[in-house]
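Chain identifiers are assigned alphabetically (A, B, ...) following the order of the sequence lines, protein sequences preceding nucleic acid strands; residue numbering begins at 1 within each chain.
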Number of protein chains: 2
Amino acid sequence: MTRPPESTALHNRIRRDMESRIMSGQWRPGERIPTEQEWMESYGCSRMTVNKALRALVQSGLLESRKRAGTFVAAPRFHRAALEIPDIRAEVEGQGLAYRLELIGRDRRKATAEDKVLLRVSSGELLALECRHFARDLPYALEHRLINLAAVPEAATVDFSAEPPGSWLLGHVPWTEAEHRITAVNADPAMAKGLGISENAACVALERWTWRGNERITYARQLYPGDRYALVAHFHA
Amino acid sequence: MTRPPESTALHNRIRRDMESRIMSGQWRPGERIPTEQEWMESYGCSRMTVNKALRALVQSGLLESRKRAGTFVAAPRFHRAALEIPDIRAEVEGQGLAYRLELIGRDRRKATAEDKVLLRVSSGELLALECRHFARDLPYALEHRLINLAAVPEAATVDFSAEPPGSWLLGHVPWTEAEHRITAVNADPAMAKGLGISENAACVALERWTWRGNERITYARQLYPGDRYALVAHFHA
DNA sequence: GGGTCATTTAAGTATATACATTATTGAGTC
DNA sequence: GACTCAATAATGTATATACTTAAATGACCC
C-alpha cells in the first residue's frame, strides 16, 4: 500500500475528508456513509470525482461498498502490520556503522535431505552459504542461506564475500512472494561463539522463504542477539 | 491492501495483464511500460479505462508513474510483509484448543513513572492488568497491559477475567495506528514459573502500542515461550 | 561545450453521460 | 402471513472529451 500524495486535487480532498471522519471515530465501523449523489451535491462536483475518492479508500481497505446498499466503513482489518525486514547491510549502514561480511562457508551441491525440507524443493542443485555480518567489527547476525540454482543459476558465479547474498538477491532476482517466520531460540555453543554472546542467551531467529511464481528462490535463516536486535512493525490506517 | 476481485471487467483484465508481465519478469524493475495511448489502442478502449488499471497498480506499489516520462515498473518494495498479530484468544481457539484466561492483577492508578514511559503519556489515570493466557490448560502467554483511561473510560468497568483485554479493546475501540516491537529475551524466574518453562529459556517478547489519532490507547507486552510460538509474516506482490 | 528556453509529450484531473448490475423495497397475489 | 416479482436506488463500468501540469527534448545562442 502506498501513501497517497498530499495533493490538493479535489478527489484527494474528498478522500482526506472521508479518512478523517473515519479516523476521528465520527464514522464508526459498519456505519453507512452518504451516497455518491450526496457527496457530489455537497462538493458540487461530478460523480466520477467522488467515485475516485471512494475507490481509493475501498482499495486501501477503509471502506467497503455493496451495490444498491451503499458504502460502509469497513471493520478494522485485524492486526495486519507492515513489517519491514531490511537488507542487513542496508540496515547497518543506515545506522552509520561500518558493515563487514565474513563468508564462512560456501558449498555448491545437490540438495541433501535437510536442504530439501528447508528450501522446499524435491531435488536439484543449490548453493549453500554460511556467513556472519558485522557492524563496526561486532558480530551482528549469523546467516545460513540456500539458493536454488535451478531458479538463479547466475548465483553460482557471484563473489559473496564482497556482497551479502541477501543484498545481491534483492538487487538481481525479482521475487513475488515471501514468507517469514520469527521465533526465539537459546544460543547453542556455536551461535554463542559466532555472535560473541553467552551461551543460552536468547536470540531472534528469522527464517525467510522467497518465491518467484512457483519457483523457490532462496531460504535464509538469520540469527540475531536478542538483546541487540528488535524487529519493528508499523500499521497505520 | 485489499486484493482486487477476480472480475471480468475490462480494467481488471488490463490490470491482470500488466500484473502478470511484472510477476513473470517480462517487465523488469525500472523498465518503462507502454503509454496509456498504446494500451488504449491495443485494447481498443478509452484512456480512462487504461488509466483505472494503471492507478490501481500505482496505488498498490507495483508501478510508478511520472508526468511526461511515462509509467515504470517499481523497484520491488524492499521487505515489507504483512504481519498478522492475532488476538490471542482467537488464535488459540482457531487451533481448536480450549482457551482460558487468568487475571492475575488489576490496578487502577495514576500513571507511575514507568507507566508513563511505556504508555507514552505525560500523566493521567490508567488501568494496569497482568494476565496469563492458557491453551488447553497449558500456559500460552503472559501479558502486561496498560490501558489509558482518558481515552477508554469504559474499560474501568469491564470484567477482564471473562474477556481478554486485547479482544475487548479490538472489538470496542477503533484504533488508527499501531506499532509492534519484537525481540527475544531469556526467561527470568517469574516468567519461567508463569509459563511453565525452564529458567533462561528463550522467549518471544512482543510489545504493542496503539493509538487513535493522537491519543494513546493501550500498551501491551506479551511473552511467549520461544519453542512453542512463531510469528509468521507473509508478503505477496 | 554549456546554458536557456520554448516545445512537446505523457500523465493528472475533472466533467457529463450512458448503461449494467444487483440488493433492497414494496406492491400485489395466493 | 408468506411468496413472487417488478420497480427502485445505489454502486460498477465504460466512453468521449477537455484542460492542466510537469518534465524530457531539442533548438538556439553564447
Side-chain angles (χ1 to χ4, degrees), chain A residues 1-19 21-22 27-75, chain B residues 1-19 21-22 27-75:
Chain A
M1 198 171 337
T2 347
R3 50 229 134 279
E6 274 303 319
S7 132
T8 179
L10 182 51
H11 68 263
N12 277 321
R13 291 211 306 276
I14 299 177
R15 179 180 50 70
R16 282 203 300 274
D17 182 355
M18 296 172 173
E19 267 174 4
R21 285 174 207 241
I22 297 170
W27 290 347
R28 317 207 111 236
E31 191 173 327
R32 179 177 160 173
I33 75 168
T35 66
E36 299 188 355
Q37 276 292 335
E38 292 170 297
W39 283 103
M40 64 185 268
E41 279 157 22
S42 70
Y43 271 90
C45 67
S46 80
R47 197 183 136 215
M48 285 303 284
T49 303
V50 172
N51 189 262
K52 196 162 192 173
L54 284 169
R55 298 288 301 181
L57 291 175
V58 168
Q59 208 195 333
S60 76
L62 276 183
L63 294 176
E64 283 172 0
S65 51
R66 299 204 306 275
K67 284 206 188 88
R68 170 65 228 250
T71 302
F72 302 80
V73 179
Chain B
M1 197 174 329
T2 346
R3 53 227 131 278
E6 273 306 314
S7 133
T8 179
L10 181 52
H11 68 263
N12 277 321
R13 292 211 306 277
I14 299 177
R15 180 180 51 68
R16 283 203 300 274
D17 182 353
M18 295 172 173
E19 267 174 6
R21 285 175 206 240
I22 297 169
W27 289 348
R28 316 205 111 235
E31 190 173 328
R32 179 178 162 174
I33 74 168
T35 66
E36 298 188 354
Q37 276 293 336
E38 292 170 296
W39 283 103
M40 64 185 269
E41 279 156 24
S42 70
Y43 271 90
C45 67
S46 80
R47 196 182 135 215
M48 285 302 284
T49 304
V50 172
N51 189 262
K52 196 162 193 173
L54 284 170
R55 299 287 301 180
L57 291 174
V58 168
Q59 209 193 332
S60 75
L62 277 183
L63 295 177
E64 282 172 0
S65 52
R66 300 204 305 274
K67 285 206 190 88
R68 168 64 226 251
T71 302
F72 301 81
V73 179

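At whole-Å resolution of the value, CD1 in A:Ile33 and P in D:dA10 are 13 Å apart. Rounded to whole Å, the distance from CD on B:Gln37 to C1' on C:dG12 is 14 Å. Rounded to whole Å, the distance from CZ on A:Arg55 to P on C:dT13 is 17 Å. Across the protein-nucleic acid pair, A:Lys52 atom NZ and C:dG12 atom P stand 8 Å apart, rounded to whole Å. Taking atom CZ on B:Phe72 and atom P on C:dA11, their separation rounds to 9 Å, with Å as the unit. For the pair B:Glu41 CD and C:dA10 C1', the computed distance is 13 Å after rounding to whole Å. Across the protein-nucleic acid pair, B:Arg32 atom CZ and C:dT9 atom C1' stand 9 Å apart, rounded to whole Å. Rounded to an integer number of Å, the gap from NE2 of A:His11 to C1' of D:dT20 is 14 Å.
Nearest nucleotide to the A:Thr49 side chain, out of C:dT15, D:dT15, D:dT13: C:dT15. Distance from the side chain of B:Leu10 is smallest for D:dA14 among the nucleotides C:dT13, C:dT15, D:dA14. Side-chain atoms of B:Thr35 lie closest to C:dA11 of the nucleotides C:dA14, D:dA10, C:dA11.
Residues meeting the side-chain hydrogen bond (donor to acceptor under 3.5 Å, both in side chains) test with A:Glu41, sequence neighbours left out: none. Remark: A:Thr49 pairs with A:Ser46 by the side-chain hydrogen bond (donor to acceptor under 3.5 Å, both in side chains) rule, at least two apart or across chains. For B:Arg47, the salt bridge (Lys or Arg N to Asp or Glu O under 4.0 Å) partners are B:Glu36, not counting sequence neighbours. Legend: residues meeting salt bridge (Lys or Arg N to Asp or Glu O under 4.0 Å) with B:Arg32, ordered by chain and number and at least two apart, are absent. Residues meeting the salt bridge (Lys or Arg N to Asp or Glu O under 4.0 Å) test with B:Arg21, sequence neighbours left out: B:Asp17.
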- B/S/- contact track for nucleotides 18-28 of chain C, protein heavy atom under 4.0 Å: B--BBBB----
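At C:dT17, none of the side-chain N or O atoms of A:Ser46 fall inside 4.0 Å of OP1 or OP2 (strictly under the cut-off).
Between B:Val73 and B:Leu62, every side-chain heavy-atom pair lies at or beyond the 4.5 Å cut-off. B:Tyr43 is listed as a side-chain neighbour of B:Ile14, based on a closest heavy-atom distance under 4.5 Å.
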